[in-house]
Amino acid sequence: MEYNFREIEKNWQAVWKDSGIYQVSNSSEKPKYYVLDMFPYPSGAGLHVGHPLGYIASDIYARYKRLKGFNVLHPMGFDSFGLPAEQYAIETGQHPATTTEKNIATFKSQLDKIGFCYDWSREIKTSDPEYYRWTQWIFLQLFKSWYNHDTQKAESIETLIIAFEKSGSANYLDQTTYRFSSGEWKSFDSKKQQEILMDFRLAFSSYGEVNWCEALGTVLANDEVVNGVSERGGHPVEKKKMRQWYLRITEYADRLLQGLETVQFSDAMKEMQRNWIGKSEGAEMQFAIDNSQLAIKVYTTRPDTIFGVDFLVLAPEHELVNQITTTEQHKSVDEYLTYVKSRSDRERLSEVKQITGCFTGAYAVNPFDGKRIPIWIAEYVLAGYGTGAIMAVPCGDQRDFDFATHFNIAITNIIGNHFNGNEANPTKEAVLENSGFLNGLLMKDAIGVAINKIEELGIGKRKINYRMRDAGFSRQRYWGEPFPIIWSDGIAVPLDEKELPLELPFVEKYGPGKEGEGPLSNLIDWVNMPNGKRETSTMPGYAGSSWYFLRYMDPHNNETFADKKATDYWNQVDVYIGGTEHAVGHLLYSRLWTKVLYDLGYISFDEPFKKLVNQGMITGVSEFIYRYNPNQSDSDSKLMANQIPILNINISELLSDISSPAAMMAIGEGEMYFSKDIIPPNEENKFTPIRVLIDYVDSNKLDVESLTKNNNRYSKAFFVTKEGFYFKEKWYSKDKELSVKQVFVTISVGEKMSKSKLNAINPDVLVDKYGADTFRMYEMFLGPVEQSKPWDTKGIEGVHRFLKKLWRLFFDDIKGKIWTEEKANDAELKTLNKTIKKIEEDTERFSFNTAVSAFMVCVNELSDLKCHKKEILEPLLILLTPYAPHISEELYHELGNKDSILNAAYPKLENKYLIESEKEYPISINGKLRTTITISLDAPQPDVEKIVLNSEIVQKWLDGKSPKKIIFIKNKMVNVVV
RNA sequence: ACCCGGGUGGUGGAACUGGUAGACACGCAGGACUUAAAAUCCUGUGAUCAGCAAUGGUCGUGUGGGUUCAACUCCCAUCCCGGGUACCA
């Protein structure tokens, strides 16, 4: 009986499905465990082998925890709102709902073939009204809340209204620019009141500069803009003022930072989030402007360098620029501002090194020594960070130094010989000079002293700044959640929660509306309401994904987003698996939403993910052939009509050798394709690399026959290879039937796998050929889950062989069943227990590649021992279940079990089989291994020394000398030091 | 430029807290079975030197140094690769 994986897998997948064995209950005696994958966006391309990597890892862990006696929640769903579906709709006219549905079906069928243990009864789709109803609901909670600095948490906006009614803005002076008394508040009309409240709401609307992408007709988030162009499509992006929705994530900056201490994310991941939040501590201080009432506020992290300030720089957009510019300087300042405006973000970014700026003519006064300081404007100072103005200290900051040098501004040295006059030195270790009351202090100590003085003089205060901006929350797009908001006379009025979901209306056309508004603005009937107009933008992709892990806990609830009992039971996601690419987007937003829901009392934990595992990317191998075109360069070697091109080295030899008419024809009629290994370096520019579908390449060899058969463009082509030409000394052409079937193609390693790069490997093909169990184990065997690694299909055979070998422990091809009920001996029990220990440890620490190896070792050993005993084989199958569930289930039943192996108990480790009474100790002399001696484990040190010294080999190495000392490390080794 | 990772055979990768480097697998070579192929099994496989052989010596984890009886592992310096951030004051 052979290992018929196709039948086994089909059979058991059906059984599991029919029995609903993967469905989990929200109440159980068992402890809970929540294993979650980052849910996929159902793209049209389907899965490639890179996608399931994380899913397999989480599936193994979920199954393992289940066997270990946990009630495991392991759901799957789809992040089904988003741009690609809409883009596709614009191109083809198909409704995004239709294509999305189709794509989800493809994904699910692909996933099912791999045998995941998802509880599909909990499946969610973010584009499902029953789901986004609660996305909208949470948005309303954000809208109806504010962040109270006193209590350090989100509260209902009602508490703020009460406070305003009672004592005006008095208690919130640090949180608002408004100043009003209780009486004034009450006298404000509701529009004014709402305007003020809007500045507090956690979800708020405001006019702001947004990244506007003309080509996509939409606003993009900062992380959707890369180098000044859109991440998708690479279209140019510019700044535009628009009314937008935002989430006040900046209020949570500190808690998001602190929360990182409580979760198990990789250091790299934490670091990325910290950088994104970008906390910096320093001081804000004012510089009075000479001959004026005005003052400029600057932000600095180095107040200790205050006496080294040689000029101030304002961002060109700074509001005081016009007021302070002197009449003489007006013209040049205007010219500079025009120049800055003319520059796109992209230019500004790509020409970072370029130093530009303009003097305003005005001077500020250093509050400590009264020195007059020129005020400049320059684009290297950003309006959006700090106060949009800096104090420049050229001896300590390289950009300030470059600026000063470029514009011939004299540099004050406050750090003595730490400054060499050629470059700035940003040290904090120097002792200050020329620094008034700070003289003689170490810079890092002077920071605090300076801030105290600044606060004492009332010209500034200690200040913490964050790089992070509030998160843009609206898109001028169709395929997203509509905002449950009606604009009534300039006031944003939320829909009643009972009216949710506000369903996304059907549209005929997906193009943008006027003025950059979204497609929804074209639906006049929908937009116009008795009391105003609906908000026409939709929520961004991350809206639905910011809380989906909560919905899985109680996916069919009609009363609330998830029952408190359910969220209390399942609590945090114990293990969350996904790629690093969501480090600063999704992961930050879902942490924010969780914290807000926690503050408002809806859930009882404030970090969503206890542990995060980032799976590495599986890179593809792209294959190229090279099309030869001698006319491509302007070198002498031009291909004349029927003339052999004059080329050198390999190519010239190759072509000069062509005397056959077929070869001449080849050059005249068809295109020639070469493998890279015969391209001489100096001829490279005459060869154009062309991607070849990976399917046509097997073990570096190109299947020319299939390629030409399926692609018309190659019908008259000729393929030339090093092997073909040099080894066989012949020139091959397809027409002359001297064709080589194999052409070597070059490999470009380490490209991301994608359909467009023609290097994607479809898991379906592999599952069909080797089975899901082989596929699962091979993906794990490739290397550590967290590491990026290249895909190589060849190695899969090894894992497949392993499963066949395992099968043969149970069945013989001829004899059939060969497993027995015999009692196991010590050697067999030792192998088993060694494996239990190893598999358990490895699975626990997500080291699945070494676990797979351990299985292989175990089966090899059992084969060698000719062990076919049920006592050994059954526990082995249970260990294997998480990795290869189908074959385990099949064999488990063959052993006579009625219940599913999924309900089996994890085998217990019996340590006594691992403890030995004797051990072969490695003996090294001066650290070099020389021999091994068997020593009883309970032998005391003096005995060991005696045994070792009596050994002939040791005697030989000692050569009469007596050892200085003998180091004996129990269970490890003995080292003799001479 | 800054901040994180990481450099181990022909290849993917093992070696968890310093203790026999190269597990396991691919590939390759040789062999067995077979009319043949597939499948399966066995042997060898870091480099180098000595030996008919069993075997033994030396070198070997990017490079140079250090700590230690003992270093892929710890410390210092340096080079290279991958990821992230980027005029953030």
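Values reported hereafter were calculated over all heavy atoms of this structure, with side chains retained and with hydrogens, waters and symmetry mates removed. Throughout, a chain's letter reflects where its sequence line sits, starting with A, and its residues are numbered from 1. It should be emphasised that the depicted structure is a prediction, and the values quoted were computed from it without experimental measurement.
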Exercise. Looking only at side-chain N and O atoms, does A:Arg399 come under 4.0 Å of OP1 or OP2 in B:A1?
Worked result: no
Problem set entry | Nearest-angstrom distance from the residue atom CG of A:Leu312 to P of B:A89 | 17 Å
Exercise. Would you say B:G13 has OP1 or OP2 under 4.0 Å from some side-chain N or O of A:Gln787?
Worked result: yes
Exercise. Who are the salt bridge (Lys or Arg N to Asp or Glu O under 4.0 Å) partners of A:Asp773, not counting sequence neighbours?
Worked result: none
For this session: Kindly write out the residues that satisfy ring pair (Phe, Tyr, Trp, His ring centres under 6.0 Å) with A:Phe781, not counting sequence neighbours, or none if the list is empty.
Result: none
Seminar exercise, completed: Taken in chain and number order and not counting sequence neighbours, the residues that satisfy side chain to side chain contact (heavy atoms under 4.5 Å, CB included) with A:Ile451 are A:Ala283, A:Pro303, A:Ile447, A:Glu455, A:Arg462
Problem set entry | Interatomic distance, A:Ile464 CD1 vs B:A89 P [rounded to whole Å] | 13 Å
For this session: Establish, with yes or no, whether the OP1 or OP2 oxygen of B:A89 is under 4.0 angstrom from a side-chain nitrogen or oxygen of A:Tyr385.
Result: yes
Exercise. Among all residues two or more places apart in sequence or in another chain, which pass the ring pair (Phe, Tyr, Trp, His ring centres under 6.0 Å) test with A:Tyr770?
Worked result: A:His800
Exercise. Just how far, in rounded Å, is P of B:C4 from CG of A:Leu260?
Worked result: 16 Å
Exercise. Partners of A:Tyr921 by side-chain hydrogen bond (donor to acceptor under 3.5 Å, both in side chains), sequence neighbours excluded?
Worked result: none
Exercise. How would nucleotides 19-31 of chain B be written as a contact map, 5' to 3', with B for base contact, S for sugar-phosphate-only contact and - for no contact, using protein heavy atoms under 4.0 Å?
Worked result: BS--BBSS-----
